[in-house]
Chemist: 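Sharing a structure with you now.
Every heavy atom of this structure was used, including side-chain atoms; hydrogens, water molecules and symmetry mates were not.
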Amino acid sequence: MARQSGGRSRSSHQPKKSERRKAGWFARLIGWLVAAGVLVLLAMVLAVTVMARSLPDYAQLRASEHGQMIVVRARDGAELVSLGPSYGQWLEAGEIPTVMKGAMIAVEDRRYYAHYGVDPIGVLRSLWVRARDGRWRQGGSTITQQLARNIFLNNNRTFDRKVREAMLALALEAKFSKQQILELYLNKVYFGGGAYGIDAASRLFFSHPATSLSTAEAAIIAGLVKAPSRYSPTADAEAAVSRARIVLRLMEQEGVIGPGEAAAADLDTVQLKQDHGQNSVRYFTDWALPQLDMLLPQTFEPIEVWTTLDIGMQRAATAAVQTNVPKGAQGALVSLDRDGAVLALVGGTDYVASNYNRATQAVRQPGSAWKLFVYLAALEAGYTPDSAVTDAPVTIGGWSPRNSGGRYAGTINMRSAFAYSKNTVAARLGDDVGFGTVAAMARRFGITTPIVTNPSMVLGTSEVRLIDMTQAFASVMDRGRSIAPYGILKVTSAGGEMLYRHEPPRDQMLVAPHVAAGMTDLLQTAVSTGTGRAAQIGRPVAGKTGTTSSNKDGWFLGFSSGIATGVWMGRDDARAVAGLQGGTAPARAFADFMRFATAKRPIERFETELVLPEWQLEPDDESWFGNPEDYYFIDEYGERADPFGRGVPPDDERYSDEFPTRLPVDPVRDPSRDDRRPEPYPDDQLRPPFPAPSAAGQDLLDRATGRNTAPRETSRVQSQAEPRLRRPADTPRE
């Protein structure tokens with residue numbers, strides 16, 4: 001019995017076979033994990049060693065820069081804006097202020113000197129905050145990891161990128177010292193505004209090198225790394241100061257500065273660099289800088305672009321638009337010098353809120369401002385500012401235009417019709433010279449958008465760009481010569497080498513000088529006594545208003561003292577703007593800007609005296625030959641045309657320019673040609689009168705020949721004209 005009892009006792013203390021098997025598997029698992037860990041560690045050491053050897057040396061890392069820096073300057077050389085990366089001067093570790101080093105370590109990596117590139121404690125702290133708050137609130141990246149990401153990687157938040165970032169950080173720590181890594185970081189980290197490195201940031205925000213940074217300035221710069229766009233002093237000074245206070249507190253906690261120094265760092269007294277260009281300058285640079293692709297060969301070196309922009313005029317243009325634009329509407333302004341140089345360009349009320357450039361991109365109906373081309377075509381066809389025209393209801397091709405206010409002045413001259421923007425007169429003139437002729441005139445003066453040629457086009461139904469319309473008015477200002485807007489004067493390298501210089505293009509005569517003089521006469525009258533009176537500035541001004549239906553668009557374009565300026569106002573969604581007319585807010589904005597723009601320029605009188613060509617002058621009795629109705633005219637394509645619809649005179653000795661063509665009543669069929677040959681009248685035979693020519697008008701021919709017949713009424717006039725000219729006081733809206 002005793003043996004049995006003892007046997008049972010030994011048996012009860014022996015481990016079961018299953019338990020021994022589990023213990024064996026657990027021991028082997030631990031062994032495998034340890035072995036795997038050792039292998040992984042050896043692999044990491046080997047990988048880090050290989051990676052460290054393959055890294056560029058310190059000189060190469062220091063010299064590496066990415067992207068092209070472009071410094072944009074105004075016409076006087078003042079810096080407008082810096083685009084692309086700016087690296088400033090490289091500062092050695094000993095040149096960097098100690099307070100700047102301490103501020104960066106305190107806010108970005110307080111255990112910088114205690115880890116080897118990756119901080120396990122920082123990683124665990126980041127994971128704990130993530131688990132507690134349910135989202136990433138605190139990063140675990142060290143300064144070395146940030147440097148690796150900035151130089152070798154991107155900002156994608158993927159596991160693969162984080163692993164490579166950690167490996168590169170370990171490799172950097174293995175190859176370089178802590179001082180070298182900190183020097184690289186402080187000279188390469190991005191601080192916003194295109195500034196890379198503390199020296200570039202100091203010059204951008206404080207206008208001095210980083211070697212003289214104060215404690216408060218160092219705190220502001222150190223606070224930018226977390227979110228450069230959010231805490232930028234030039235974008236949001238209040239946010240930058242609020243973030244800098246947190247940095248100062250961390251600097252005090254880490255012992256970088258004492259309590260007294262922290263209290264003495266007055267962030268409110270930090271002087272920020274003045275923003276010379278204001279945000280509206282970006283409208284100009286967005287238009288001008290893409291032209292560099294055509295002006296320069298491909299280059300990645302830093303360049304300086306000298307532009308035509310005048311800082312004072314740009315500020316005045318911005319203020320003029322913002323002050324006068326109706327509530328809820330947008331505005332744009334373009335101003336050109338007499339050679340086409342862009343002096344000011346505003347594409348909207350606020351570039352930060354909307355960078356859409358309404359001066360160069362938006363296409364809107366110009367309203368009565370389009371009449372510039374209608375009257376240019378009429379003047380070229382033989383009309384003069386004193387020519388008699390009829391302001392009465394008319395129907396052309398089923399279209400019946402009406403004047404604003406529904407009133408008509410009867411027989412008036414072209415000068416008055418243009419000054420008070422008579423729609424019926426513009427329609428008659430367009431029908432007389434040809435709508436295709438008006439379209440061709442607009443093309444000639446720089447309109448690049450599609451143009452319709454139906455009758456209503458004379459009232460500005462075709463959409464245009466503000467810069468194109470301003471260019472057209474500038475060409476009239478320059479006595480009919482072509483003007484091409486440009487914004488870049490020259491481009492130089494950082495070392496001063498000339499890469500590009502603007503060369504004036506060869507100008508072309510768009511219209512004869514007497515046509516431009518006549519048009520200037522009309523434009524000046526529109527400002528003196530017509531719809532553009534609000535644009536007066538105390539010196540000669542020529543211009544034209546434009547208002548579209550339902551007050552959706554308001555325009556004023558004009559020139560004075562060698563400066564042509566165009567203003568547009570309206571809503572982006574093309575909804576009506578209460579009270580908006582070309583003669584109100586746009587004309588006032590034009591006047592506000594032009595008073596400043598022309599202040600230092602001499603007063604210039606307009607050349608409005610018409611020196612007509614010989615063909616348009618009334619001949620002496622001795623030199624008059626033949627019937628005056630026998631002259632031919634030029635159509636919109638520049639070809640000779642018979643105004644009576646009887647065919648084009650042939651080019652032979654019988655029908656030369658010296659002996660004008662006479663057309664018989666019944667042309668004779670020439671069997672040798674497949675057309676109708678006009679035969680000359682016998683000397684003793686006169687041709688009966690034909691209908692009035694479409695290119696000049698019967699009234700003009702009557703005056704030229706001395707006839708005193710009453711003006712002819714066409715079948716298209718639907719009612720009698722109002723028998724008086726309206727006074728300026730009750731001029732209807734255009």
Side-chain angles (χ1 to χ4, degrees), residues 40 44-45 47-48 51-52 55-56 58 61-62 64 66 85 93 96 100-192 195-198 201 218-232 243-244 246-247 249-251 253-254 256:
V40 170
M44 288 182 60
V45 171
V48 169
M51 189 176 293
L55 288 176
Y58 190 79
L61 290 179
R62 172 174 169 169
S64 63
H66 304 284
I96 301 174
M100 185 71 249
K101 297 178 185 176
M104 193 62 69
I105 291 174
V107 73
E108 290 297 319
D109 189 1
R110 68 189 67 177
R111 287 173 39 82
Y112 175 68
Y113 290 106
H115 61 69
Y116 295 96
V118 178
D119 184 11
I121 296 178
V123 173
L124 292 175
R125 183 173 57 249
S126 177
L127 292 174
W128 164 250
V129 173
R130 170 69 173 83
R132 183 191 63 192
D133 297 343
R135 59 191 180 96
W136 295 106
R137 296 179 56 90
Q138 186 174 11
S141 297
T142 64
I143 284 178
T144 313
Q145 286 177 272
Q146 294 180 45
L147 177 64
R149 180 171 63 249
N150 289 339
I151 296 178
F152 302 110
L153 304 174
N154 53 43
N155 290 321
N156 293 335
R157 294 188 174 184
T158 61
F159 180 77
D160 176 66
R161 198 268 295 167
K162 293 295 293 184
V163 171
R164 287 187 292 143
E165 177 186 295
M167 296 291 290
L168 284 168
L170 293 172
L172 286 170
E173 292 274 352
K175 186 166 186 175
F176 305 115
S177 67
K178 288 286 187 179
Q179 289 299 322
Q180 288 178 316
I181 292 174
L182 188 59
E183 178 184 322
L184 283 170
Y185 178 78
L186 290 175
N187 280 284
K188 285 186 170 293
V189 69
Y190 182 61
F191 291 101
Y196 286 82
I198 57 173
I220 291 176
I221 289 180
L224 295 175
V225 177
K226 181 178 181 180
S229 59
R230 184 190 309 171
Y231 299 120
S232 173
R243 173 66 176 166
I246 298 176
V247 176
R249 187 168 63 250
L250 292 173
M251 292 170 67
Q253 291 177 0
E254 297 300 318
V256 177

Chemist: Within the side chain of Asn187, is there an N or O that forms a donor-acceptor pair under 3.5 Å with the backbone of Glu183?
Modeler: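 At least one qualifying donor-acceptor pair exists.
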Chemist: Looking at Lys101 and Ala93, would you say the former's side chain and the latter's main chain have a donor-acceptor pair under 3.5 Å?
Modeler: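 Confirmed, Lys101 side chain pairs with Ala93 backbone.
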Chemist: Taking only residues two or more places apart in sequence, or in another chain, which ones meet Gln179 in a side-chain hydrogen bond (donor to acceptor under 3.5 Å, both in side chains)?
Modeler: Tyr113
Chemist: When you compare the side chain of Arg110 with that of Leu250, does any pair of heavy atoms fall below 4.5 Å?
Modeler: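 The answer is yes, as the side chains (C-beta and beyond) meet within the 4.5 Å cut-off.
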Chemist: Hey, does Tyr112 have a side-chain heavy atom less than 4.5 Å from the side chain of Leu182?
Modeler: yes
Chemist: Which pair of heavy atoms, one from Ile220 and one from Ala244, lies closest together, and at what distance?
Modeler: CG1-CB, 3.7 Å
Chemist: Counting only pairs under 3.5 Å, give me each side-chain donor-acceptor contact of residues 167-174, with atom names and distances, residues two or more places apart or in other chains.
Modeler:
unit_1 : atom_1 : unit_2 : atom_2 : d
Glu173 : OE1    : Lys178 : NZ     : 3.4
Glu173 : OE2    : Thr144 : OG1    : 2.7
Glu173 : OE2    : Lys178 : NZ     : 3.0

Chemist: Measure the shortest side-chain to side-chain distance between Pro228 and Tyr190 over non-hydrogen atoms and say whether it is less than 4.5 angstrom.
Modeler: yes
Chemist: Just to verify, what does Lys175 make a side-chain contact (heavy atoms from CB on, under 4.5 Å) with, not counting sequence neighbours?
Modeler: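 side-chain contact (heavy atoms from CB on, under 4.5 Å) list for Lys175, sorted by chain: Ala52, Leu55.
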Chemist: Who pairs with Gln180 by side-chain contact (heavy atoms from CB on, under 4.5 Å), at least two apart in sequence or on another chain?
Modeler: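 Per chain and number, Gln180 pairs via side-chain contact (heavy atoms from CB on, under 4.5 Å) with Tyr58, Phe176, Ser177.
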Chemist: Can you confirm whether Leu147 sits close enough to Ile143 that some side-chain heavy atom of one is under 4.5 Å from a side-chain heavy atom of the other?
Modeler: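 SC-SC contact between Leu147 and Ile143 ruled out.
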Chemist: Between Arg243 and Val107, is a side-chain contact (heavy atoms from CB on, under 4.5 Å) present by the stated rule, with each step listed?
Modeler: CA-CA 11 Å; Arg243 173 66 176 166; Val107 73; 3.5 Å; yes
Chemist: Under the side-chain hydrogen bond (donor to acceptor under 3.5 Å, both in side chains) test, which residues partner Tyr185, sequence neighbours left out?
Modeler: Gln146
Chemist: Any idea which heavy atoms bring Ala218 and Met100 closest together, and the distance?
Modeler: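 The answer is O-CE, 3.7 Å.
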Chemist: To check you understand the geometry: which heavy-atom pair defines the closest contact between Val256 and Ala106, and what is its length?
Modeler: CG2-CB, 4.4 Å
Chemist: Search all heavy atoms of Leu61 against all heavy atoms of Lys188 and return the closest pair with its distance.
Modeler: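 Heavy-atom minimum between the residues: O-CE, 2.7 Å.
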Chemist: Side-chain contact test, heavy atoms from C-beta onward, threshold under 4.5 Å: evaluate it for Val189 versus Tyr196 and give yes or no.
Modeler: no
Chemist: What distance do Leu186 atom CG and Ile96 atom CD1 have between them, rounded to the nearest 0.5 Å?
Modeler: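 Reported to 0.5 Å precision, the distance equals 4.5 Å.
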Chemist: Under a 4.5 Å cut-off applied to non-hydrogen side-chain atoms, are Met104 and Val225 in contact?
Modeler: yes
